[in-house]
J.: 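Sending over a structure as structure tokens; questions will come in a sec.
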2 protein chains.
Amino acid sequence: MRKAEVRMEPTPKELAELFDLARKLEGMLIIFARCRVHYEGRAKSELGEGDRIIMIKPDGSFLIHQKKKREPVNWQPPGSKVRLELRNVPTIVSVRRKPREILEVELLETYMVSAFFAEDYEALKLSGSEAEMAALIFSNPDVIEPGFKPLFREKPVRHGIVDVLGVDKEGNLVVLELKRRKADLHAVSQLKRYVEALREENPGKIVRGILVAPSITAGAQRLLEKEGLEFRRMEPPKRKEKRKSRQKTLDFL
Amino acid sequence: MRKAEVRMEPTPKELAELFDLARKLEGMLIIFARCRVHYEGRAKSELGEGDRIIMIKPDGSFLIHQKKKREPVNWQPPGSKVRLELRNVPTIVSVRRKPREILEVELLETYMVSAFFAEDYEALKLSGSEAEMAALIFSNPDVIEPGFKPLFREKPVRHGIVDVLGVDKEGNLVVLELKRRKADLHAVSQLKRYVEALREENPGKIVRGILVAPSITAGAQRLLEKEGLEFRRMEPPKRKEKRKSRQKTLDFL
DNA sequence: GTGTCTATATCGTTG
DNA sequence: CAACGATGTAGACAC
């Protein structure tokens with residue numbers, strides 16, 4: 001069996017065969033087609049006739065791409081059930097259970113169908129995330145301020161979950177809200193919500209709130225100052241490596 | 001010229017030819033390959049060897065899909081500049097200018113490359129958005145409450161932009177925050193931020209805040225009540241049609 | 001361009 | 001499963 005199978009201008013029968021083969025062997029499908037698309041679920045949409053690329057993955061993910069934009073024009077997430085119906089016009093139907101969503105693609109003309117029996121055991125190793133900012137703060141708390149002691153990570157409070165909760169050198173409670181990119185109004189609102197919750201839960205205690213991010217928008221800065229909150233500049237650290245991938249062992253050598 | 005061109009197990013030269021053809025004629029490219037991926041920009045990532053599908057669009061969009069999930073494992077947004085470099089290993093390089101981001105894909109083995117010269121003049125017609133909730137409220141304000149009068153849509157206030165600003169039958173200011181899906185803590189924080197801004201800007205005035213959504217999480221409900229804000233249940237309306245697509249005219253008939 | 005917000009957001013994690 | 005928050009969020013729109 002080859003890794004890739006292709007049929008140009010397939011008949012409905014050829015289309016169905018490759019569709020079934022991909023299903024059985026857990027291959028990915030790519031279809032070039034002129035099609036119409038109907039979606040109904042959380043919202044509802046219609047897409048008139050045009051040429052698009054359809055991608056169907058063995059986990060049920062379903063993507064329809066036009067020739068612009070990073071985002072698919074229509075899609076179905078993993079877990080959806082897909083089938084090919086040979087109506088007057090061959091139609092791909094994908095159903096998601098919860099919430100119930102249906103995607104139908106009428107294949108008016110299929111230029112190419114291909115199946116790819118991909119083998120892939122690697123996972124992305126990403127660096128520069130908010131989680132790595134937190135790790136840095138715990139390993140080197142002085143990046144926040146001298147004497148800062150982080151105590152909890154992802155600490156649930158009354159109205160949400162605080163990124164980092166600690167104490168300053170005076171013993172005051174300190175809430176950190178971390179953002180890996182420029183902090184906006186939303187980030188300030190979030191921090192304010194946590195600070196207010198902690199003040200309620202700790203009457204009489206001083207509770208400081210610090211927004212930690214590489215930069216901040218003008219509007220967020222205004223709101224931050226009005227609320228008596230603080231800002232500490234910090235870049236998300238980019239490591240050389242991060243272990244997350246499955247190791248490839250060569251036992252048999 | 002056919003709509004689709006395919007090369008199985010292409011040589012680097014064949015790969016380059018189809019790559020250039022797609023570029024020149026604004027076609028979409030699909031490549032099945034065993035590859036490694038390196039990304040550096042806002043963050044940094046590495047992806048070890050494995051089989052993936054690569055999609056390159058004429059607008060510069062660049063997607064690398066593994067066989068699971070709706071999201072590409074790596075990507076580049078529209079506007080990026082892509083080129084094929086015939087090094088020891090053929091390598092696709094995509095560069096984004098602002099922010100500066102580089103994506104490199106080493107093609108260790110190319111199983112298939114295909115170009116699709118897609119023609120598509122249709123745009124998605126979507127219904128059930130937040131914008132349509134707002135339209136419904138303006139055309140039929142009683143869905144909020146008897147006597148409600150919406151005055152502004154997307155009204156900038158001190159710390160953000162209010163979805164709908166109006167007055168109730170008593171003449172009090174009313175801020176609506178619309179959500180097309182279940183409202184969460186973020187939605188309540190947002191509403192609270194607007195209400196507080198409007199109370200500051202209108203001293204002495206009563207300002208009500210109403211969260212309008214199909215449902216609300218338990219935590220959001222708690223915070224909403226504590227803050228003296230209100231909830232009004234409303235489903236995003238799904239229309240039969242919505243005009244957004246380019247009309248196909250048949251002048252010559 | 002920056003700032004603000006929506007999204008059929010998707011995704012991971014936790015209770 | 002619901003809830004909560006991150007995301008290299010992307011995309012749209014106003015200023």
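By convention in this document, chain letters (A, B, ...) are assigned in the order of the sequence lines, proteins followed by strands, and residues within each chain are numbered from 1.
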J.: Side-chain N or O of B:Thr217 versus OP1/OP2 of D:dC4: is the shortest distance under 4.0 Å?
T.: yes
J.: Measure from CZ on B:Phe152 to C1' on D:dA14 and round the result to the nearest Å.
T.: 16 Å
J.: Just say parallel, tilted or perpendicular for the rings of B:Phe32 and A:Phe116, cut-offs at 30° and 60°.
T.: parallel
J.: Using the C1' atom as the reference point in each nucleotide, state the distance between D:dT7 and C:dT6 in Å, no decimals.
T.: 15 Å
J.: Indicate, with a heavy-atom threshold strictly under 4.0 Å, whether B:Glu130 touches base, sugar-phosphate, or nothing.
T.: sugar-phosphate
J.: For B:Glu26 and A:Lys67, run salt bridge (Lys or Arg N to Asp or Glu O under 4.0 Å): C-alpha distance rounded to whole Å, both residues' side-chain angles, the deciding distance at 0.1 Å, then the answer.
T.: CA-CA 9 Å; B:Glu26 306 211 315; A:Lys67 63 183 183 184; 5.6 Å; no
J.: Classify the nucleic acid contact of A:Gly219 as base, sugar-phosphate or nothing, counting any heavy atom under 4.0 Å across all strands shown.
T.: sugar-phosphate
J.: Pick base, sugar-phosphate or nothing for A:Lys44, based on heavy-atom distances below 4.0 Å to the nucleic acid.
T.: nothing
J.: In whole angstroms, how far is the P atom of D:dA3 from the CZ atom of A:Arg158?
T.: 18 Å
J.: Rounded to whole Å, how long is the line connecting atom CG of B:Leu124 with atom P of C:dT6?
T.: 20 Å
J.: Distance check: side-chain N/O of B:Lys68 vs OP1/OP2 of C:dC11, anything under 4.0 Å?
T.: no
J.: Ignoring hydrogens and angles, does a donor from either the side chain of B:Arg70 or the base of C:dA9 sit under 3.5 Å from an acceptor on the other?
T.: no
J.: Think B:Tyr194 has a side-chain N or O under 4.0 angstrom from the OP1 or OP2 of C:dT4?
T.: no
J.: So, OP1 or OP2 of C:dA9: does either fall under 4.0 Å of a side-chain N or O from A:Arg42?
T.: yes
J.: Contact class for B:Glu177 vs. all strands (heavy atom < 4.0 Å): base, sugar-phosphate, or nothing?
T.: sugar-phosphate
J.: Ignoring the backbone of B:Leu185, work out which of C:dT4, D:dG5, C:dT6 is nearest its side chain.
T.: D:dG5
J.: Does B:Trp75 make a side-chain N or O approach to OP1 or OP2 of D:dA10 shorter than 4.0 Å?
T.: yes
J.: Would you indicate what A:Pro77 reaches in the nucleic acid, counting non-hydrogen atoms under 4.0 angstrom: base, sugar-phosphate, or nothing?
T.: nothing
J.: Report the distance from atom CE of A:Met133 to atom P of D:dG5, rounded to the nearest whole Å.
T.: 17 Å
J.: Of A:Ala218 and A:Glu154, whose closest DNA chain C nucleotide lies nearer the 5' terminus?
T.: A:Ala218
J.: By the definition side chain to side chain donor-acceptor pair (under 3.5 Å), identify the one residue from A:Glu104, A:Glu46, A:Lys44 that meets it with A:His38.
T.: A:Glu46
J.: Considering just the side-chain nitrogens and oxygens of A:Lys182, establish if one lies under 4.0 Å of OP1 or OP2 belonging to C:dT2.
T.: no
J.: Please state how far atom CD1 in A:Ile161 lies from atom C1' in D:dG5, giving the value in whole angstrom units.
T.: 7 Å
J.: Roughly how many Å is it from CD in B:Glu235 to C1' in C:dT8, rounded to a whole number?
T.: 14 Å
J.: Any side-chain N or O of B:Arg180 below 4.0 angstrom from OP1/OP2 of C:dA9?
T.: yes
J.: So what does B:Pro156 touch, heavy atoms closer than 4.0 Å: a base, only the sugar-phosphate, or nothing?
T.: nothing
J.: For A:His159 and D:dG5, give me the distance from atom NE2 to atom C1', rounded to whole Å.
T.: 17 Å
J.: When you measure from the side-chain N and O atoms of A:Lys69 to the phosphate of D:dA10, is any distance below 4.0 Å, counting only OP1 and OP2?
T.: no
J.: A:Asn74 near the nucleic acid: base, sugar-phosphate alone, or nothing, with a heavy-atom cut-off under 4.0 Å?
T.: base
J.: Closer to the 5' end of DNA chain D via nearest nucleotide, is it A:Gln190 or A:Glu71?
T.: A:Gln190
J.: Just to be sure I understand the rule, does A:Gly41 reach a base, reach only the sugar-phosphate, or reach nothing, if contact means heavy atoms closer than 4.0 Å?
T.: nothing
J.: Quickly work out the A:Arg153 CZ to D:dA6 P distance and round it to whole Å.
T.: 9 Å
J.: Using distance alone, with no hydrogens and no angle criterion, decide if B:Arg193 and A:His186 have a side-chain donor and acceptor under 3.5 Å apart.
T.: no
J.: Is the shortest side-chain N/O distance from A:Arg193 to OP1 or OP2 of D:dG5 below 4.0 Å?
T.: yes
J.: What is the distance from atom CD of B:Gln76 to atom CG of B:Leu63, rounded to the nearest 0.5 Å?
T.: 10.5 Å
